[in-house]
J.: 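Encoded as structure tokens, here's the structure I'll be asking about.
Naming: A, B, ... by sequence-line order, numbering from 1 per chain. Fair warning: this is a prediction, and the values are worked out from it, not measured in the lab.
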Amino acid sequence: MTGMTTPNASTPRANGRSKAERERYNPQTVEPNWQARWDEAGVFVTDNEDPRPKYYVLEMFPYPSGRIHMGHVRNYTMGDVVARYMRAKGYNVLHPMGWDAFGMPAENAAMQNKVHPKDWTYANIDHMRGQLKIMGLSLDWTREFATCDVDYYAQQQALFLDFLEAGLVTRKTSRVNWDPEDQTVLANEQVIDGRGWRSGALVEQRELTQWFFKITDFSDDLLEALDGLDRWPDKVRTMQANWIGKSQGLRFAFEMTKPTHGHDGIDVFTTRPDTLMGASFVGLSPDHPLTKALAEDNAELAKFVAECHRLGTSEADLEQADKMGFDTGLTVKHPLDPNWELPVWVANFILMDYGTGAIFACPAHDQRDLDFARKYDLPVTDTFVSLTNPSPVENDAFVPQKSEKVKWINHFAGLDEATGDEAVDKTIAFVEDQGWGEGVTQYRLRDWGISRQRYWGCPIPVIHCETCGVIPVPKEDLPVQLPDDVTFDKPGNPLDHHPAWKQVPCPKCDGPAGRETDTMDTFVDSSWYFARFTASKAETPTIPDVANAWLPVDQYIGGVEHAILHLLYSRFFARAMKATGHLNMSEPFKGLFTQGMVTHETFKGEDGRWLFPEEVIVEDGKARHVDTGETVTIGSIESMSKSKKNVVDPTTIIETYGADTARWFMLSDTPPDRDIEWTDAGAEGAHRHIQRVWRLVQDVAARTAAVEDAKPEAFGETALSLRKTSHRMLHLVADDIEKLAFNRAVARIYDATNQLGKALASDDSDPGLNWALREAASFLVEAMQPMTPHLAEEAWVKLGHETMLTTKQWSEVDSTLLEDDTLTLPIQVNGKKRGDITVAKSADKETVEALVMNDPEVQRLLNGATPKRVIVVPQRIVNLVV
RNA sequence: GCGGGCGUGGUGGAAUUGGUAGACACGCUGGUUUUAGGUACCAGUGGCGCAAGCCGUGGGGGUUCAAGUCCCUCCGCCCGCACCA
């Protein structure tokens with residue numbers, strides 16, 4: 001670790017102020033001790049029958065990659081603060097943990113290291129569970145499961161069968177990236193420059209028949225219900241809404257001049273029917289059925305289509321690629337003018353998955369269309385012009401704001417001056433009236449393809465029979481268990497190479513049949529685990545009464561990278577589980593919080609290789625290698641990643657400083673939704689605060705050991721001020737935690753710590769001060785309990801309390817101490833602060849104005865002038881306009 | 001390309017949601033104590049200026065008595081885009 005010193009826990013420290021010998025706080029012994037005591041007392045085991053109001057707090061469960069990383073520490077610390085706080089507020093809190101354990105890395109490990117995915121995964125889980133346990137998280141480990149446990153995926157198969165029966169599952173083809181050497185499907189990110197990431201083979205596009213969940217059945221509901229998710233971040237709601245992508249438009253067919261290959265028209269969908277008079281050409285997706293038919297007897301077109309497919313399947317790739325087109329030579333008739341013929345082109349930027357896979361292009365008002373038209377010298381016809389600057393389109397398409405009024409050129413559908421929105425409505429009505437097209441609602445959302453041609457996933461419980469076709473596995477035959485005896489020495493899916501597992505009689509006709517060898521997308525596993533935690537050992541997917549009592553999750557916390565897919569799939573699953581009787585609600589997560597990433601500086605050696613932080617020593621802004629002394633370049637601050645080696649191991653941090661320091665650091669300074677930079681200096685700072693609190697607590701304990709429990713009648717100035725500070729602190733920390741503003745709670749605690757230190761050092765002889773000191777220290781420790789629970793427990797005992805702090809209810813504060821009866825109002829002259837005045841808090845406008853005008857300081861400021869206006873905002877500000 | 005977000009001292013950030021910009025912390029400077037040192041404690045710390053004061057929340061413009069906050073515009077950076085989890 002760069003520049004990091006290891007605190008020597010055993011050396012007693014002297015203090016410059018009092019010289020009293022104090023014990024140094026030693027997390028290495030204190031933390032395991034309290035973890036054991038919580039464990040013995042079972043304080044985090046949650047009872048489903050507990051009569052108190054429920055609160056379900058959940059963090060996104062980890063993938064067992066091998067080690068916990070700092071992102072997990074941040075995520076689980078936040079969740080733990082909420083869980084501990086809500087327990088202190090009297091709720092029956094469910095705070096479980098499990099493992100998102102299926103997925104590709106286990107298979108990669110199997111191929112690279114000849115270790116079975118199951119062994120690899122469970123070994124990782126064991127290791128990571130140990131890492132989590134030393135964090136002191138208040139988790140109910142009795143509910144733990146991994147998604148690769150047979151007990152879990154068996155229930156997932158039952159859900160699949162129920163969904164299938166309910167008509168929520170379908171089979172259709174879809175296009176995938178196929179690595180011909182590894183015989184496997186590749187994710188877009190695994191295709192690098194058109195080649196497979198592992199094999200280096202040229203990637204092909206293949207059509208595969210796959211299983212899909214019909215998430216599009218719920219498109220509108222998934223969209224509409226976003227409005228009700230008022231405890232979700234707006235950005236996530238917006239992203240989901242855009243992902244679902246509802247749009248109104250016109251669907252109609254262009255009549256082909258000469259029918260061919262069984263097509264006599266081309267169906268198009270457009271969200272801008274008002275631009276029909278600017279139509280330049282009709283564009284087909286390379287995957288459009290007509291394109292395919294034409295390519296069969298047109299080698300050049302086939303070559304063009306193949307070229308388009310080399311771009312990959314991702315939307316970003318397609319839309320960013322240079323525009324490419326192929327003139328089919330076909331023409332279609334414009335619907336408003338049979339003599340107007342438009343050429344039909346195949347274009348690489350047209351998506352088959354959206355609309356009909358065919359468009360008409362209006363280059364004047366769409367940049368992509370314009371780029372294409374300029375490249376292939378196709379006509380560009382303005383349909384409307386700006387009212388302020390009515391110049392014809394050259395190389396920038398004129399795309400006005402939807403609410404901007406423009407001047408129509410062709411008077412199509414009676415348009416003259418209108419906004420785009422009005423024009424769309426008008427043209428749809430016009431076309432519908434004429435009867436050659438209809439207004440339709442289109443969604444960008446596609447059905448969820450769940451088939452994966454891999455071993456380490458939940459088997460899809462169906463059987464393919466030569467005579468009966470696709471037959472669901474009867475529920476009584478579940479689970480369809482993954483065979484253990486598989487090898488990874490052949491390319492492709494091991495389940496395909498396992499005849500003994502694959503071959504089964506047809507459940508219907510008993511004839512020869514084979515199991516489906518595809519497994520489910522791991523997103524399926526994570527789409528209902530939150531429901532499983534409510535009854536993780538049940539012999540049905542859920543126990544509906546129990547699940548319905550616990551759900552929805554009151555606070556869900558995780559990375560923003562899941563803002564769309566995981567959260568949308570989970571919302572779909574809740575609806576599908578409701579439809580099949582496993583749940584009675586549609587929205588799984590009432591409150592959502594997306595935390596930022598953990599970042600760190602990057603380091604590079606002289607030869608450009610990445611270096612781990614512990615290989616580097618930084619002094620005076622210059623870095624060198626810890627062993628060789630070579631010059632090290634300090635790079636940008638980036639999200640911690642193995643590839644750049646800018647990682648800090650949580651276990652090392654906890655062994656060095658203790659879990660409380662790691663937790664405190666993660667909550668300090670940076671707002672939880674922003675990226676946080678891990679620095680050694682910050683960790684040292686966090687640790688110093690822990691030590692400081694422990695010192696203060698010891699001083700308070702020593703000084704107040706003989707203090708009576710009874711509250712004194714009166715307090716002196718120092719004591720009163722201290723009491724105000726600590727009551728306000730406890731009150732506001734609660735408020736901050738409820739708003740998940742942990743960084744603000746931390747700042748208040750620092751402030752209260754400073755005040756406690758000052759009061760402790762004061763020579764005030766007030767007999768009530770000692771009582772107030774103990775109260776303030778107790779409040780401080782109580783406020784810190786959700787964040788640094790081990791220190792808090794230890795300090796609580798030190799202060800003479802006998803109950804376990806973790807199970808204590810949050811103290812009531814004295815509301816009379818929360819507010820002062822006077823306050824200081826700033827006085828502005830022409831909006832600039834020139835002074836202030838102290839007034840009674842209850843003072844009304846007139847009183848304040850009179851006081852201000854009679855204030856000598858104000859009279860000096862005005863220098864004889866009379867203000868034109870006096871603005872008094874009670875309890876806020878006074879502004880004199882002169 | 002489309003969609004989303006962010007921008008405040010040397011640094012992380014705060015700002016009661018339109019009302020005293022810079023709370024709190026890191027760092028730095030000076031001092032005190034003790035120690036070999038880390039540590040602890042006290043004071044200071046947005047910029048310019050001797051001062052009165054002026055300037056200051058990515059740039060420019062606007063609304064308002066009042067703008068970090070609202071509107072317009074430009075710039076920069078980050079994230080997502082459907083088989084990674």
Side-chain angles (χ1 to χ4, degrees), chain A residues 5-8 11 13-19 24 60 62-63 65 100 102-105 174 176-177 184-190 210 233-236 238-239 241-243 245 313-321 349 353 367-368 371 444-446 448-454 521-523 526 559-566 568 597 639 668-671 673-677 679 681-682 684-686 688-689 691-692 695 741 743-744 746-751 753-754 757 761 824-828 830-836 867-871 873 875-881:
Chain A
T5 52
T6 305
N8 182 343
T11 315
R13 297 292 141 183
N15 175 277
R17 186 159 38 83
S18 71
K19 305 212 176 192
R24 188 172 166 81
M60 291 179 184
Y63 177 77
S65 57
D100 189 13
F102 275 134
M104 277 209 315
S174 78
V176 295
N177 302 308
T184 182
V185 176
L186 298 176
N188 286 321
E189 65 168 20
Q190 295 171 322
Q210 314 230 47
D234 284 342
K235 65 170 176 180
V236 174
T238 309
M239 282 160 91
N242 289 331
W243 188 262
T313 55
S314 97
E315 208 171 287
D317 288 342
L318 292 181
E319 297 200 12
Q320 266 170 288
F349 63 92
D353 289 314
Q367 193 60 45
R368 289 172 305 179
D371 294 344
R444 205 184 76 98
L445 185 66
R446 310 201 293 258
W448 173 15
I450 61 156
S451 296
R452 298 291 182 270
Q453 294 68 42
R454 302 187 201 288
D521 178 8
T522 55
F523 271 121
S526 55
V560 73
E561 67 272 20
H562 294 291
I564 298 176
L565 292 181
H566 162 61
L568 193 61
M597 292 179 300
S639 168
S668 303
D669 295 349
T670 304
D673 54 342
R674 285 202 215 168
D675 289 355
I676 189 171
E677 187 194 351
T679 62
E684 296 276 3
R688 276 202 295 273
H689 181 253
Q691 292 293 349
R692 184 173 181 221
R695 266 196 315 277
N743 57 318
R744 288 199 302 216
V746 166
R748 291 191 210 288
I749 287 169
Y750 271 118
D751 209 18
T753 308
N754 291 339
T824 305
L825 287 187
I827 298 173
Q828 295 184 331
N830 291 334
K832 296 196 176 186
K833 192 200 165 192
R834 294 296 181 204
D836 41 43
K868 280 185 236 153
R869 247 179 105 179
V870 178
I871 291 140
V873 184
Q875 299 181 35
R876 278 284 155 78
I877 204 162
V878 179
N879 192 9
L880 309 173
V881 185

J.: What dot-bracket string describes RNA chain B from 5' to 3', counting Watson-Crick and G-U wobble pairs whose defining distances are under 3.5 Å, with [ ] for crossing pairs and | for pairs to another strand?
T.: (((((((..(((......[....)))((((((.......))))))(((....)))..(((((..]....))))))))))))....
J.: Let me have a per-nucleotide readout for nucleotides 24-31 of chain B, 5' to 3', with B, S or -, counting only protein heavy atoms under 4.0 Å.
T.: SSSS----
J.: Side chain to side chain contact (heavy atoms under 4.5 Å, CB included) with A:N879: which residues, sequence neighbours excluded?
T.: A:Q828, A:I871
J.: Is A:T670 near enough to B:G12 that one of its side-chain N or O atoms lies under 4.0 angstrom from OP1 or OP2?
T.: no
J.: Among all residues two or more places apart in sequence or in another chain, which pass the side chain to side chain contact (heavy atoms under 4.5 Å, CB included) test with A:N242?
T.: A:T238
J.: With sequence neighbours left out, what residues match A:H566 under ring-ring contact (aromatic ring centres under 6.0 Å, His included)?
T.: A:Y556, A:H562
J.: Looking at every strand, decide which applies to A:E677 at a 4.0 Å heavy-atom threshold: base, sugar-phosphate, or nothing.
T.: nothing
J.: At 4.0 Å (heavy atoms only), tell me whether A:S668 reaches a base, stays on the sugar-phosphate, or touches nothing.
T.: nothing
J.: Check every strand shown and say whether A:P62 touches a base, only sugar-phosphate, or nothing at a heavy-atom separation below 4.0 Å.
T.: nothing
J.: Starting at the 5' end of nucleotides 3-8 of chain B, put B wherever the base has a protein heavy atom under 4.0 Å, S where only the sugar-phosphate does, and a dash everywhere else.
T.: SSS-S-
J.: State which residues pass side-chain hydrogen bond (donor to acceptor under 3.5 Å, both in side chains) with A:R368; sequence neighbours excluded, sorted by chain then number.
T.: none
J.: Under the salt bridge (charged side-chain N to carboxylate O under 4.0 Å, His left out) test, which residues partner A:D100, sequence neighbours left out?
T.: none
J.: Tell me, please, which residues at least two apart from A:F523 pass ring-ring contact (aromatic ring centres under 6.0 Å, His included).
T.: A:Y569
J.: Could you tell me whether A:K832 contacts a base, only the sugar-phosphate backbone, or nothing, with contacts defined as non-hydrogen atoms closer than 4.0 Å?
T.: sugar-phosphate
J.: Between B:G1 and A:R368, is there an OP1 or OP2 to side-chain N/O distance shorter than 4.0 Å?
T.: no
J.: For A:Q875 and for A:D675, find the nucleotide of RNA chain B with the closest heavy atom, then tell me which residue's nucleotide is more 5'.
T.: A:D675
J.: Apply salt bridge (charged side-chain N to carboxylate O under 4.0 Å, His left out) to A:D751 and list each qualifying residue two or more places apart in sequence or on a separate chain.
T.: none
J.: Checking A:R452 now: which residues fulfil salt bridge (charged side-chain N to carboxylate O under 4.0 Å, His left out) with it, not counting sequence neighbours?
T.: A:D521
J.: Students often get this wrong, so: under 4.0 angstrom with heavy atoms, is A:H689 touching a base, only sugar-phosphate, or nothing?
T.: nothing
J.: Just N and O in the side chain of A:R876: are any of them under 4.0 Å from OP1 or OP2 of B:U17?
T.: yes
J.: Provide a list of protein-nucleic acid N or O atom pairs under 3.5 angstrom, restricted to nucleotides 61-65 of chain B.
T.:
| residue | atom | partner | partner atom | Å |
| --- | --- | --- | --- | --- |
| B:C65 | OP1 | A:R869 | NH1 | 3.3 |
| B:C65 | O2' | A:N879 | ND2 | 3.2 |
| B:C65 | O2 | A:N879 | ND2 | 2.7 |

